[in-house]
2 protein chains.
Amino acid sequence: MHNRCMIDPRLITLRVFGRCGTIGATAELTGYSPSAVSAQLRELQRVLGMQLLTKDGRGVRLTATGRFLVAGSDPLIAQWESLRAAAMAAGDQVQSHFGLGGFSSAAAQLLAPLAATLRSTHPLLEVQVLEADPARCFDLLIAERIDLAVIVAMQSDSYGEDDPRFEQRVLLDDPLDVIIPGDHPLASRETATLEELASEPWITEAAGSTYHSLFTAAFTAVGVTPRIAHEAVEWETHIAFVGAGLGVGLLPRLAPLHGAENVVRLRITGRTRPTRRIVAAVRRGSIASPLIQESLNILQVNANRILTERLEEEDL
Amino acid sequence: MHNRCMIDPRLITLRVFGRCGTIGATAELTGYSPSAVSAQLRELQRVLGMQLLTKDGRGVRLTATGRFLVAGSDPLIAQWESLRAAAMAAGDQVQSHFGLGGFSSAAAQLLAPLAATLRSTHPLLEVQVLEADPARCFDLLIAERIDLAVIVAMQSDSYGEDDPRFEQRVLLDDPLDVIIPGDHPLASRETATLEELASEPWITEAAGSTYHSLFTAAFTAVGVTPRIAHEAVEWETHIAFVGAGLGVGLLPRLAPLHGAENVVRLRITGRTRPTRRIVAAVRRGSIASPLIQESLNILQVNANRILTERLEEEDL
DNA sequence: ATCGATCATGCACCTATTGTGCATGGTTAT
DNA sequence: ATAACCATGCACAATAGGTGCATGATCGAT
């Protein structure tokens, strides 16, 4: 649990606190107890001779100095990651621990094979996979719990493409299919357009969730406002709802149907073909690390394999 | 003893090892025991998954990866120092520990007043002064045992003016006087030239010492080769030798005669007036720190005071 | 060759840093 | 007013990290 190193772990903790703003959340994210986080930050202030935190209501918040330190530590972390990566590459060596993070369908389709491959090619490397949603993946990267995350890119998120803390690389654009009940008028079709389905009752995630913004973006692009009938979190649930005839929904191509009863998957055609962009994210500077490079290659190969399999599928 | 922070202390230890090449010397310099240094470096290799050391005869030496890491850590350290300095300045705060280093006459004339001033202006700052020769001062800076050093600049040394690990600032040029026995024919003079004293038996430090290079440089500048009769380490000893009539010697203006018997101090005039340049050195990046800035100002004020007192003296 | 010096390292042991779990006190929302 | 939440202090436990000494390996000098 304590594989952080080189940069004082208490500074890492401070950075995490800088993100989530409360001791409790910091503890949850870092894997420490709240008392430990509190003690760490107190000790950090003592050793640096800086006041970093102030009481604020029932919580605490960063002082100006604290915010300054958090922001200024970005290049420091990046520099270290970069140095480590270069040293690894120069010495043709590989670290002993490697943390991966990703959301469910990516974890199943991309992360699992990656972990398996790494496990066989580097027998004495302990690979750890954490399933987490994209936002949490970024937090886990900051907390140095994981070293590489596979996530869906989100424009609406607080982590921009050019965040100084991360480097990102597109792996694949995963199209969204539409799933409809088997007894739906369009069920015998192969493809459909969003316009054709505009008046259907839709099943989506709760507002603010990972895919909701993708959902709304897709429909605003075609200029219609879908009627949201039901909300579900897991794809399993989406599928079940559709199977029960409650409505229609979007399902990423990567998410398998598992031969669900009474559910048909249709490709979306027409002007707007919504996709989710799946990217790999690492801490800035670490991208040159041999292990990261190897992982990215494996991911890319898998992503390409998936894409070509789809093409062959379509050729049938 | 363990005020190092933020950058993993084991990396600091590795850097020190990179300089002195042996575990024992590293231990001496860092203040750890040899076992501790050995264990630290072993642990560092484990946690980084890199092989940094190799057996070499009865000792160990850095691998290519190790050297790479040591060299590459320079900017990392500088970046941290810079960040800390900026945060300190931004928050108008001051660290809790401050280490000073310097050689004897600088320690007496410049460092002691500095420490006294800091002690009074920052009552809860613990100031530590280490007397050490210039080369060791640089090592102590690397080892993070001290934060600021007052040293004589040496062109022949392995630490150049532009070393990426340090920043240096000239405090004052301290002229070298000549000291001769009271019964010497020139004893009644106020000044002398090096040429006039070329044939005297000279007292100097051992070859390779801090001042020996200064000594030879002065005489090569005037084109004569002095006869070195005796060697002494401490100025006290130099003075005693001269007082005993064993020869003549050079003595920095900053080093006091303490009313020694039978010794006269003469200013050196003529084409070549040897001086030793006294500079302050800090770890790169830390120069913006408020405490460092304040210290440098105090040092500069003291240096200027010394210079003006000399001018007034000469006016008499 | 032999002996002594020099180095690094392993081991037993000790210390103090740093973690957890629980209780407490202050602060906000219902 | 009461409940929920948040940070923190304290007793206690684990463990990282230190010292000192003994050991083994290598080199230089006699």
Side-chain angles (χ1 to χ4, degrees), chain A residues 1-49 51-63 66 70 96-97 143-145, chain B residues 1-63 66 70 96-97 139 143-145:
Chain A
M1 175 52 73
H2 42 60
N3 62 318
R4 318 159 150 201
C5 66
M6 211 49 42
I7 306 297
D8 193 312
R10 293 166 297 191
L11 181 63
I12 308 298
T13 301
L14 183 73
R15 287 166 56 83
V16 175
F17 178 85
R19 274 220 36 82
C20 47
T22 114
I23 300 280
T26 308
E28 193 281 329
L29 207 55
T30 54
Y32 289 111
S33 67
S35 331
V37 171
S38 182
Q40 278 189 19
L41 296 181
R42 182 150 28 89
E43 182 63 11
L44 184 66
Q45 296 181 85
R46 197 194 60 78
V47 74
L48 289 182
Q51 193 182 346
L52 303 171
L53 300 175
T54 322
K55 283 201 163 74
D56 181 41
R58 60 184 159 184
V60 291
R61 63 175 162 78
L62 289 176
T63 64
V70 167
S96 59
H97 183 274
E144 310 207 349
R145 297 273 302 276
Chain B
M1 175 52 74
H2 41 62
N3 62 317
R4 315 159 152 202
C5 63
M6 213 49 41
I7 306 296
D8 193 313
R10 294 167 296 191
L11 181 62
I12 308 299
T13 302
L14 183 73
R15 286 166 58 84
V16 175
F17 177 85
R19 275 220 35 81
C20 48
T22 112
I23 300 280
T26 307
E28 193 281 328
L29 207 56
T30 53
Y32 289 111
S33 68
S35 331
V37 172
S38 181
Q40 277 190 18
L41 296 182
R42 184 149 29 90
E43 183 63 9
L44 184 65
Q45 296 181 86
R46 196 194 61 77
V47 74
L48 289 182
M50 305 181 189
Q51 194 183 346
L52 301 171
L53 301 174
T54 321
K55 283 201 164 75
D56 181 41
R58 59 185 157 183
V60 290
R61 64 175 161 76
L62 289 176
T63 62
V70 168
S96 60
H97 183 274
D139 287 340
E144 309 208 348
R145 297 274 302 276

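Chain identifiers are assigned alphabetically (A, B, ...) following the order of the sequence lines, protein sequences preceding nucleic acid strands; residue numbering begins at 1 within each chain. The structure displayed is predicted, hence computed values, not measured ones.
- At whole-Å resolution of the value, CD in B:Glu43 and C1' in C:dG10 are 15 Å apart.
- Looking at heavy atoms from C-beta onward, B:Phe17 lies in side-chain contact with B:Leu53 at the 4.5 angstrom threshold.
- Listed candidates were C:dA29, D:dT26, D:dG17. Nearest to the side chain of B:Arg10 is D:dG17.
- Of the N and O atoms on the side chains of B:Gln40 and B:Thr13, at least one donor lies less than 3.5 Å from an acceptor on the other residue.
- In this structure, A:Tyr32 does not reach the C:dT20 phosphate: none of its side-chain N or O atoms is under 4.0 Å from OP1 or OP2.
- The side chain of B:Ser35 approaches D:dG20 more closely than any other nucleotide in the set D:dC27, C:dA29, D:dG20.
- Put simply, B:Arg42 has a side-chain N or O that comes within less than 4.0 Å of OP1 or OP2 on C:dG10.
- Contact annotation: A:Gln40 reaches the phosphate of C:dG19 (side-chain N/O to OP1 or OP2, under 4.0 Å).
- As rounded to whole Å, 8 Å separates atom P of C:dT27 from atom NZ of A:Lys55.
- Note: CZ (A:Arg61) to C1' (C:dT28) measures 16 Å, nearest angstrom.
- Counting only heavy atoms from C-beta on, A:Val60 has its side chain closest to D:dT8 among C:dT9, D:dT8, C:dG19.
- Distances were taken from every side-chain heavy atom of A:Ser33 (C-beta onward) to each of C:dT9, C:dC7, C:dT20; the shortest belongs to C:dT20.
- Taking CG of B:Leu44 as the reference point, atom CE of B:Met50 lies at 8.5 Å (rounded to 0.5 Å).
- When the nucleotides D:dC5, D:dT8, C:dT9 are ranked by their closest atom to the side chain of B:Ser38, C:dT9 comes out on top.
- In this structure, B:Ile23 places its CD1 atom 11 Å from P of C:dG10, rounding to the nearest Å.
- B:Thr22 comes within 4.0 angstrom of the backbone, heavy atoms only, and of no base.
- Atom CG in A:Leu41 sits about 16 Å away from atom P in D:dC6, given to the nearest Å.
- Looking at heavy atoms from C-beta onward, A:Ile7 lies in side-chain contact with B:Ile7 at the 4.5 angstrom threshold.
- Atom-to-atom, CD of B:Glu28 to C1' of D:dT19 comes out at 16 Å; the value is rounded to the nearest Å.
- Closest to the side chain of B:Ala36, out of D:dT19, C:dT6, D:dT8, is D:dT19.
- Taking atom CG of B:Asp56 as the reference point, atom C1' of D:dA25 lies 13 Å away to the nearest angstrom.
- Rounding to the nearest 0.5 angstrom, the gap separating the OG1 atom in B:Thr26 from the CG atom in B:Asp139 is 9.5 Å.
- Atoms CD (B:Gln45) and C1' (C:dA8) sit 13 Å apart, rounded to a whole Å.
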